[in-house]
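Count residues from 1 along the sequence.
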Amino acid sequence: MYRSSNIVARVFDRQICTPAPGTSVHHARRFYENLVPSHTVYEVECPDHSFRKFTDDGQYLISFSRNHQELIVYRPRWLSFSCKDEDCDKHDLPSRAKRFDSFFSQLYCVPLASCNELICKDFFLYMESNQFGLFATSTAQIHDAPAVGGAVHGVPSIEKITFHLLRLEDGEILDKKVFSNDFVNLTHNMGVFLYDDLLAIVSLRYQTIHILQIRDSGNLVDVRAIGEFCREDDELFLNSNAQLQLPGNHIENHMHQGQPNLGNSFLSGIKQRLLSFIFQGLWNEERDDTLRIQRLRKKFYFHFQDYVDLIIWKVQFLDRHHLLIKFGSVDGGVSRNADHHPAFVAVYNMDTTEIVSFYQNSADELYLLFEQFCDHFHATSRNSMYMNFISSHSNNIHALEQLRSIKDKASSSAQFVKKMLASLPFSCQSQSPSPYFDQSLFRFDDKLISATDRHRQSTDHPIKFILRRYPYSLKFKIKPGPEAGSMDGRAKKISSFLFHPILPLALSVQQTLFLQPSVVNIHFRR
């Protein structure tokens, strides 16, 4: 540990002291206690864009036009100016410091959406190894669409959803993947997960997990589809057997475009795997045949239709071979607030096509795994070194103490467990790797700001970042909105915060619900 909080003394300490093995990065990150975004430029003159986020390597700032038709990508750069006196810190910043282009240079503007499509402004995934960006455009939702062709009743339909793979270096569109008359939840990347070069896209409407591979050439290649079938040859096997069993004069009545109509006679492959796992688990719990039958009647057959009615809500990779799948009711799958609906999570092995484990989202056993091994649920790509230092209650004592404090204050242990497990599976790339959210370095009010990528209720009071270690002093403040505060206290305002993953640089964006121009502040180290 550094013996002094002075940055010069710390540089000398770094030269003569060797950190303990495996702690060199954590040791170096303590320099951020001295390098903070302590100066704010309020109400920056900037384009009226919707700013999404910095890429995890800090190379690009992603934004969209207000009409949700164009992608605009910027490169962060540092404000530079000169003054005649020796101490420039005493001088006011030049007038051009209030301009957005003093901190960011526009690389390009690319039209993504067609005339009847809009860019999904809450969706963006970044593949750091190739500097590829994945974006999505879609047409409007149809809420009362008929459930045809095996679609789930009650799930909306979108006529066209297009995923665009771009090379962010020059904005070239490398490939596209289109889903027609389908529904993928794109809010906060909920329906899509990227792990290394593998991409999982969840079709809620047709209950299919599409696994794609992003090649170095920039191609989106279909690997497999998990849902109706689990193995690559399942469909071929069922089709060949159906043709052998059906009488010849009735084949045409049971065939549609060369496929037998098996929808009424078979559950989907993933649902059969799930039911088999539940049945076998209950069967093995009892050795006495009489008790075994009673247990199956009570725990399996009584709830059989409830299990059959479960649909896939959300998916994430745990590694290249295992998926964490969340199941629940149809109402919960399309609801904005699914926390109140009962849900289950399962671990699925893509190689063996087996369910490995299955829990209800209120299970104490699952919560203990979540508390002790939270980082294992945050599956990050091998090349994303910045994401390995995000604070969680399984790697940070301060986060663990905060979690246990919330647990002790909870009126109901069952409700607390259910609330905590509602975040599983985690959304992809939903947390900022900025060192200013490292809870071993700084303390802040996580109700007002956190590493999680979410809009928050705006406040006129500055958000304080305080040192975790001696002298426990206030290091910097982040205040969204105008410097003097809002003139209209009745207008509901929301704020978002975009922290650069490496530099002492952040954007705070405050907006009202009446489509007025956003108020953008830039926070940086002067």
Side-chain angles (χ1 to χ4, degrees), residues 187-188 190 313-314 316 324 326 328-329 332 335-345 359-378 389-427 430-480 492-497 499 508:
T187 304
H188 303 299
M190 288 183 65
W313 282 2
K314 195 177 177 183
Q316 76 163 89
L324 185 66
K326 190 171 191 174
S329 64
S335 171
R336 287 184 175 271
N337 187 6
D339 297 351
H340 301 298
H341 296 269
F344 302 84
V345 292
Y359 300 96
Q360 191 165 358
N361 68 335
S362 57
D364 290 332
E365 183 181 356
L366 178 61
Y367 173 75
L368 289 175
L369 293 173
F370 173 75
E371 183 181 291
Q372 297 174 15
F373 307 102
C374 182
D375 289 350
H376 292 266
F377 292 98
H378 281 287
F389 301 97
I390 293 176
S391 297
S392 74
H393 45 261
S394 62
N395 66 27
N396 187 283
I397 185 63
H398 304 288
L400 180 60
E401 289 175 352
Q402 188 178 36
L403 177 71
R404 288 177 175 171
S405 174
I406 297 172
K407 184 178 181 179
D408 293 339
K409 295 177 183 178
S411 58
S412 167
S413 176
Q415 287 299 319
F416 167 80
V417 169
K418 189 175 180 180
K419 182 179 179 181
M420 290 297 104
L421 296 180
S423 58
L424 294 179
F426 286 122
S427 296
S430 62
Q431 292 190 298
S432 168
S434 169
Y436 303 107
F437 293 122
D438 187 337
Q439 295 194 44
S440 63
L441 300 178
F442 298 98
R443 178 166 56 88
F444 47 86
D445 188 346
D446 64 352
K447 296 184 181 66
L448 303 176
I449 193 170
S450 75
T452 305
D453 178 23
R454 290 290 187 275
H455 294 292
R456 298 178 184 272
Q457 186 73 33
S458 190
T459 174
D460 287 332
H461 303 289
I463 302 169
K464 299 177 181 179
F465 286 73
I466 300 170
L467 282 180
R468 281 285 186 188
R469 282 187 284 269
Y470 183 82
Y472 312 110
S473 57
L474 172 65
K475 291 304 294 184
F476 68 99
K477 303 176 184 178
I478 296 289
K479 183 182 183 303
K492 186 177 181 180
K493 300 176 290 293
I494 57 174
S495 296
S496 57
F497 303 93
F499 276 72
S508 61

Practice problem: Start with the C-alpha distance between Arg456 and Ser450, add both sets of side-chain angles, then the distance that settles side-chain contact (heavy atoms from CB on, under 4.5 Å), and finish with yes or no. | Solution: CA-CA 10 Å; Arg456 298 178 184 272; Ser450 75; 2.4 Å; yes

Self-check item: From CA spacing to verdict: side-chain contact (heavy atoms from CB on, under 4.5 Å), Leu403, Lys407
Solution: CA-CA 6 Å; Leu403 177 71; Lys407 184 178 181 179; 5.7 Å; no

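Side-chain contact between Trp313 and Met190 is absent, with no heavy atoms from C-beta onward closer than 4.5 Å. In this structure, Phe426 and Cys374 have side chains that are in contact, with non-hydrogen atoms separated by less than 4.5 Å. Under the 4.5 Å side-chain criterion, counting only non-hydrogen atoms from C-beta, Tyr359 is not in contact with Leu424. Contact annotation: the side chain of Arg469 approaches that of Leu441 to within less than 4.5 Å [non-hydrogen atoms, C-beta and beyond].
Taking the six-membered ring where the residue is Trp, the centroids of Tyr436 and Phe465 are separated by 6.0 Å or more.
There is a side-chain donor-acceptor pair under 3.5 Å between Gln402 and Asp446.
With rounding to the nearest 0.5 angstrom, the CZ atom of Phe373 is 11.5 Å from the NE2 atom of His393. The CG atom of Asp438 sits 6.5 Å away from atom CG of Asn396, with the distance rounded to the nearest 0.5 Å. From Asn361, atom CG reaches atom CZ of Phe370 across 12.0 Å, with rounding to the nearest 0.5 Å. Distance OG/Ser413 to CG/Asp364: 6.0 Å, rounded to 0.5 Å. Atoms OG and NZ, from Ser423 and Lys314 in turn, are 7.5 Å apart once rounded to the nearest 0.5 Å. Atom NE2 of residue His461 and atom NZ of residue Lys479 lie 9.5 Å apart, to the nearest 0.5 angstrom.
Between the Ser362 side chain and the Ala414 main chain, no donor and acceptor come within less than 3.5 Å of each other. The main-chain N or O of Arg454 is never found under 3.5 Å from a side-chain atom of Thr452 such that the two would form a donor-acceptor pair. Without hydrogens or angle criteria, Lys326 side chain to Ala422 main chain gives a donor-acceptor distance under 3.5 Å. Remark: the backbone N or O of Gln439 is paired with a side-chain donor or acceptor of Ser391 at under 3.5 angstrom.
A ring-ring contact (aromatic ring centres under 6.0 Å, His included) with Phe437 is found for one member of Phe497, Phe442, Phe444 and no other, namely Phe444. With Glu371 as reference, Leu400 is the one residue of Leu400, Leu366, Val417 to meet the side-chain contact (heavy atoms from CB on, under 4.5 Å) rule.
Contact between Arg443 and Arg468 at its shortest, heavy atoms only, is CD-NH1, 3.6 Å. Across Ala343 and Gln360, no two heavy atoms sit closer than the pair O-CG, 3.5 Å. The shortest non-hydrogen separation linking Asp375 to Ser394 is N-OG, 3.2 Å.
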